[in-house]
K.L.:
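Take this structure, written in C-alpha cells, and hold onto it; I'll ask about it next.
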Amino acid sequence: MTLECLLSEKHCRVTGALWQLTLLVTMTYDDMPFGNRIAFTNISFAAAMSISVNTENWMKLLRAIWVLVAFMIVTPLAQADGTTKMEFTGVNGANNGVYYVSPYTGIMNYGTSNAQTVVLFCDDINNEVSINQVWNANVTGLASGNFSQTRYGNGSINPNLGGTNPQTLYEEAAWLVTQFASHSGDYVSLQYALWDLMTPGAEPTNFANADGTTVAQWLALAAANYGQINPASFIIITNTGTLTYKGQVQEFIVQTPEPATAVLLLIGVVLMFLLIRRSPQHSA
C-alpha cells in the first residue's frame with residue numbers, strides 16, 4: 001500500500017511490504033529562517049510482519065504525520081549563521097534578589113511570518129535587556145567554528161578570552177544550558193556559572209542553591225562534560241553592529257532540536273502507530 005500527501009510543499013510517502021517498511025520523507029525548508037534546507041531523508045527498516053491498515057487508520061496516520069510536520073516547521077531547527085530580529089518577552093520568576101535569571105522567553109524573526117518563540121539563556125552579565133525590547137541580532141551556530149560575531153568568543157571584544165578556545169568556552173556554556181531542565185531549583189547557581197564562565201569573578205563561586213551544588217562545582221562539571229553536547233543543537237544570539245563589551249543588548253544561547261532528531265521522531269511515531277494497529281490481528 002502507498003500513502004502520498006502534499007503538506008504545504010512538505011512531501012511524504014509511506015510504502016509497506018511483507019518484509020520491509022520504507023519511509024521516504026522529502027522536506028524543503030525554504031520558509032525556515034536563514035535558508036535551511038533538508039533535501040531528503042531515505043531510511044529503510046526491516047519488518048518481520050506484513051502491514052495492513054484500512055482507510056480509517058491511514059487517515060489517523062495522516063493526521064499524526066501532519067501534527068509532527070507542523071511541529072517541525074514551527075520549532076526552530078539548528079540554524080546556519082545569519083541575522084534575525086529579536087523580541088524579549090518574559091522571565092520565569094527565579095531571581096537572586098537583584099536580577100531575574102534564565103531561562104527567559106523571546107521571539108526570533110519578530111514581526112515576520114516566521115516568528116518563533118524560543119527559550120533564551122543569558123551568558124552575559126555585562127549588558128542588559130528589558131521586557132518587550134526589540135533588536136537586531138547575529139545568529140552564530142555553535143558548530144560553525146566562527147565566533148567573530150559573538151561577544152565572548154571574539155578576543156578583540158572579550159578581555160578575558162586570552163588563550164581560551166572559544167569553541168570550548170561556548171560548548172561548556174551549552175552544557176550548563178542543558179542542566180536547567182533537570183535542576184529547576186538551581187536556576188540561580190546555574191546562571192551564576194554561565195556568567196562566571198564568560199566573565200570570571202562576576203558572581204561568588206561558593207554560592208549554592210537547593211541541591212547544594214556550588215557554582216564552582218557546576219563550572220567543573222561543565223569543563224568535564226561539555227563533550228557530551230552536540231554543537232549543532234545550539235545557536236548564539238548577539239546584537240548586530242560594532243560589538244562592544246558593555247553598553248549593548250545581552251547575548252543569549254538558544255538550544256534547538258536538530259533536523260535529524262525531528263525526522264527520527266516522525267519515523268518512530270509512524271512505526272509505533274503501524275505496529276499498534278497490527279497487534280489486534282495477531283491476538284485474534
Side-chain angles (χ1 to χ4, degrees), residues 25 27-41 43 71-86 102-104 106-109 114 116-124 136-158 160-181 190 193-194 197-198 219 221-240 243 250-267:
V25 181
M27 300 178 186
T28 301
Y29 283 101
D30 285 330
D31 56 342
M32 292 296 294
F34 319 125
N36 287 341
R37 178 184 292 269
I38 301 177
F40 66 88
T41 302
I43 305 175
F71 171 79
M72 291 162 64
I73 293 171
V74 302
T75 303
L77 302 179
Q79 307 289 355
D81 290 3
T83 59
T84 186
K85 178 172 282 189
M86 296 292 304
S102 302
Y104 313 107
I107 297 176
M108 291 181 68
N109 308 313
N114 291 322
Q116 299 168 322
T117 297
V118 292
V119 180
L120 303 170
F121 296 87
C122 178
D123 63 2
D124 186 1
N136 292 318
N138 290 308
V139 179
T140 301
L142 183 50
S144 72
N146 181 0
F147 299 93
S148 61
Q149 294 181 325
T150 67
R151 178 163 287 113
Y152 296 100
N154 184 331
S156 65
I157 307 300
N158 178 11
N160 299 303
L161 184 61
T164 303
N165 183 337
Q167 184 77 46
T168 301
L169 183 69
Y170 277 100
E171 287 185 13
E172 289 184 23
W175 185 87
L176 289 169
V177 163
T178 66
Q179 301 306 298
F180 278 81
L190 282 166
L194 270 173
L197 182 65
M198 300 302 187
L219 289 169
L221 286 167
N225 295 292
Y226 71 88
Q228 297 176 4
I229 65 100
N230 184 349
S233 297
F234 297 87
I235 56 177
I236 305 159
I237 305 294
T238 316
N239 60 262
T240 57
L243 283 178
Q250 283 182 328
E251 181 178 272
F252 297 97
I253 297 173
V254 175
Q255 185 174 10
T256 66
E258 302 168 75
T261 300
V263 170
L264 289 175
L265 176 63
L266 174 61
I267 292 169

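Computed from a prediction, not measured in an experiment: that's the story for all the values here.
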K.L.:
Taking C-beta and beyond as the side chain, do Val139 and Met108 meet within less than 4.5 Å on heavy atoms?
P.N.:
yes

K.L.:
Might you point out which heavy atoms bring Ile235 and Gly141 nearest each other, and give the distance in Å?
P.N.:
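Here Ile235 and Gly141 meet closest at CG2-CA, 4.2 Å.
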
K.L.:
Main chain of Glu251, side chain of Thr238: is a donor-acceptor contact present, judged purely on distance under 3.5 Å?
P.N.:
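No, the answer is negative, given that no donor and acceptor are paired below the 3.5 Å cut-off.
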
K.L.:
Supply the atom-to-atom distance Ile237 CD1 to Asp123 CG, rounded to the nearest 0.5 angstrom.
P.N.:
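The distance works out to 11.0 Å.
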
K.L.:
Indicate yes or no: at least one non-hydrogen side-chain atom of Phe121 is less than 4.5 angstrom from one of Leu176.
P.N.:
no

K.L.:
Can you list the steps and then say if Ser144 with Asn146 is a side chain to side chain donor-acceptor pair (under 3.5 Å)?
P.N.:
CA-CA 5 Å; Ser144 72; Asn146 181 0; 5.9 Å; no

K.L.:
Check whether any side-chain N or O of Gln149 sits under 3.5 Å from a backbone N or O of Asn138 as a donor-acceptor pair, and report yes or no.
P.N.:
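Looks like no, no N/O pair under 3.5 Å.
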
K.L.:
Rounded to the nearest 0.5 Å, what separation is found between the CZ atom of Arg151 and the CD1 atom of Ile157?
P.N.:
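Here the interatomic distance stands at 8.0 Å.
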
K.L.:
Would you confirm whether Gln250, through its side chain, and Asp124, through its main-chain N or O, come within 3.5 Å as a donor-acceptor pair?
P.N.:
yes

K.L.:
Just verifying a value: how many Å separate Phe180 CZ and Leu194 CG, rounded to the nearest 0.5 Å?
P.N.:
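Nearest 0.5 Å value for the CZ-CG distance: 5.0 Å.
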
K.L.:
Which pair of heavy atoms, one from Gly145 and one from Gln167, lies closest together, and at what distance?
P.N.:
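Scanning both residues completely, I find the closest heavy atoms to be CA-OE1, 3.6 Å.
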
K.L.:
For the atom pair OG1 (Thr164) and CG (Asn158), what is the distance rounded to the nearest 0.5 Å?
P.N.:
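Answer for the OG1-CG pair, Thr164 versus Asn158, is 8.5 Å.
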
K.L.:
State, to 0.1 Å, how close Ala174 and Leu142 come at their nearest heavy-atom pair, and which atoms those are.
P.N.:
CB-CD2, 3.9 Å

K.L.:
Run through Ile236, Leu120, Val118 and flag the one making a side-chain contact (heavy atoms from CB on, under 4.5 Å) with Phe252.
P.N.:
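Of Ile236, Leu120, Val118, side-chain contact (heavy atoms from CB on, under 4.5 Å) with Phe252 is met by Leu120 alone.
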
K.L.:
CG/Asn136 to OG1/Thr83 distance, rounded to the nearest 0.5 angstrom?
P.N.:
7.5 Å

K.L.:
Got more than 12 heavy atoms from elsewhere within 6.0 Å of OH, Tyr226?
P.N.:
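Count not over threshold, so no.
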
K.L.:
Measuring from Asn225:CG to Glu172:CD, what's the distance to the nearest 0.5 Å?
P.N.:
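These two atoms lie 10.0 Å from each other.
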
K.L.:
Report the C-alpha separation of Thr84 and Asn109 in whole Å, then their side-chain angles, then the decisive distance to 0.1 Å, and conclude whether the side chain to side chain donor-acceptor pair (under 3.5 Å) test is met.
P.N.:
CA-CA 5 Å; Thr84 186; Asn109 308 313; 3.0 Å; yes

K.L.:
Which heavy atom of Ala173 sits nearest to which heavy atom of Ile253, and what is that distance?
P.N.:
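It is CB-CD1, 3.6 Å.
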
K.L.:
If you look at every heavy atom in Cys122 and Ser102, which pair is closest and at what distance?
P.N.:
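Here Cys122 and Ser102 meet closest at N-OG, 2.9 Å.
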
K.L.:
Evaluate Tyr152 against Asn160 for side chain to side chain donor-acceptor pair (under 3.5 Å), listing each step before the verdict.
P.N.:
CA-CA 8 Å; Tyr152 296 100; Asn160 299 303; over 6 Å; no

K.L.:
For Asn154 and Ser148, which heavy atoms make the closest approach, and how far apart are they?
P.N.:
ND2-O, 2.8 Å

